[in-house]
Amino acid sequence: MTAPLAHRREGHGAPVVFANGGMMSFGAWEPVAAPLRPEWATLLFDFRGQLLSPGEPPPDLAGHADDLAALLDAVGWESAHLVGTSFGALVAVTFAARHPERARSLLLATAMDRATPGFAREVAGLRAALAAIADGAPREPFWDLLVAGVYSDGHRAAEAEALAARRRQVGALPAAWFAGLDRLLAAVEGFDLGASLPSVRCPATVALAAGDRVMDAARGRALAAALGAEVAVHPTAGHALINEDPLWLAALCRRALARAEETRR
């Protein structure tokens, strides 16, 4: 039997699951989740392929969605609201399509409905850098490539010292982190949620970031249109919206969750 995903459950109230972006570990959600805990029960976790969860990563989004379903079983939650960013948002949509009775609502940050040529180039560049690391190349250039893609210009300038410290930390990460990330990126190469979207029945909100260089804004709006979702746009953040302005995202979560929970009554 496969071990359960590494997770942390806290708070009281209606259940909310936070699904990581590909390069995250669940502690990065804390600035978003902590303000919600007086009213909501929160579940943070790492996907397989991320640092804390054991086992081989599934090869596709469906496998990760089924891992999430098993985690809900393990913590005793029949259903939950799902908040996901980037990779986690794609898994959340897939989960809601495969297990519609278990998804109370979706809040999808920096996501889109299908891969674009630009996204394919971004993924190919990251995977090439990861292959070089596997062959013994230094790790820090991968961080430079990542930072250039996911953070807005303003954030890179304002947080230059913190990002430099993170660059040094990346050099000390275990080889398993880079190998796991490559498997996660492989799972989203050429992704297309089109066949899944008609099966999603819950309320949805899509959060876009004006400075997102990874997820195409038009495709993000197409995702929202297919789900009948409200769209909120952060005016300055890049793809790493969760890092750049977690309080903005927490406030959006609070409004969207309250509205979705009210429709259940």
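For this chain, numbers begin at 1 and follow the sequence in order.
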Using 0.5 Å steps for rounding, measure from the [atom1] atom of [X] to the [atom2] atom of [Y].
| X | Y | atom1 | atom2 | result |
| --- | --- | --- | --- | --- |
| T94 | L197 | OG1 | CG | 8.5 Å |
| R102 | F95 | CZ | CZ | 5.5 Å |
| L184 | L90 | CG | CG | 11.5 Å |
| R127 | L181 | CZ | CG | 9.5 Å |
| T116 | R219 | OG1 | CZ | 9.0 Å |
| L185 | E122 | CG | CD | 9.5 Å |

What do the steps show when you test W29 against L43 for side-chain contact (heavy atoms from CB on, under 4.5 Å), and what is the final call? CA-CA 10 Å; W29 279 111; L43 179 64; over 6 Å; no
Which residues pass the side chain to side chain contact (heavy atoms under 4.5 Å, CB included) test with [X], not counting sequence neighbours?
| X | answer |
| --- | --- |
| P138 | E140, P141 |
| R183 | E56, P57 |
| R104 | A14, P15, S79, H81, E261, R264 |
| D153 | R156, R213 |

Minimum side-chain heavy-atom gap F178-V170 below 4.5 Å: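 In contact.
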Would you call L52 and R8 a side-chain contact if the rule is heavy atoms closer than 4.5 Å?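 No, side chains not in contact.
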Atom CD of E101 with >12 non-hydrogen neighbours under 6.0 angstrom: yes
Can you name the closest pair of heavy atoms from [X] and [Y] and give their distance?
| X | Y | value |
| --- | --- | --- |
| P31 | A28 | CD-O, 3.4 Å |
| T263 | P203 | OG1-CG, 4.2 Å |
| L108 | A92 | CD2-CB, 4.1 Å |
| L44 | F18 | CD2-CD1, 3.5 Å |
| S199 | A97 | CB-O, 3.8 Å |
| L82 | A103 | CD1-CB, 4.2 Å |

With sequence neighbours left out, write down each residue that passes ring-ring contact (aromatic ring centres under 6.0 Å, His included) with [X], or none if nothing qualifies.
| X | result |
| --- | --- |
| F119 | F191 |
| F142 | none |
| F26 | none |

Could you work out, with side-chain hydrogen bond (donor to acceptor under 3.5 Å, both in side chains) as the rule, every residue matching D66, not counting sequence neighbours?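 D66 satisfies side-chain hydrogen bond (donor to acceptor under 3.5 Å, both in side chains) with R98, H99 only.
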Hey, can you pull the donor-acceptor pairs under 3.5 Å for the side chains in residues 220-243, sequence neighbours left out?
unit_1: E230; atom_1: OE1; unit_2: R259; atom_2: NH2; d: 2.6
unit_1: H234; atom_1: ND1; unit_2: T236; atom_2: N; d: 3.2
unit_1: H234; atom_1: ND1; unit_2: A237; atom_2: N; d: 3.0
unit_1: H234; atom_1: NE2; unit_2: D245; atom_2: OD2; d: 2.8
unit_1: H239; atom_1: ND1; unit_2: D212; atom_2: OD1; d: 3.1
unit_1: H239; atom_1: ND1; unit_2: D212; atom_2: OD2; d: 3.2
unit_1: H239; atom_1: NE2; unit_2: S86; atom_2: OG; d: 2.9

Out of the candidates L257, V83, V206, T85, only one should pair with L107 under the side-chain contact (heavy atoms from CB on, under 4.5 Å) rule; please name it.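 Exactly one pass, corresponding to V83.
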Set out, in order, the CA-CA distance, both residues' side-chain angles and the distance that settles side-chain contact (heavy atoms from CB on, under 4.5 Å) for V93 and L61, then state yes or no. CA-CA 9 Å; V93 171; L61 294 170; over 6 Å; no
Scan for ring pair (Phe, Tyr, Trp, His ring centres under 6.0 Å) pairs involving residues 45-71, sequence neighbours excluded, and state none if there are none. F45-F47, F47-H64, F47-F87, H64-F87
So side chain to side chain donor-acceptor pair (under 3.5 Å) across residues 41-52, not counting sequence neighbours, yields N20-D46, N20-Q50, S25-D46, R37-T42, R48-D67
Quick one: does any side-chain atom of S105 pair with a main-chain N or O of C202 as donor and acceptor, under 3.5 Å? no
Could you tabulate the donor-acceptor pairs under 3.5 Å formed by side-chain atoms of residues 249-256, not counting sequence neighbours?
unit_1: R254; atom_1: NH2; unit_2: P35; atom_2: O; d: 3.1

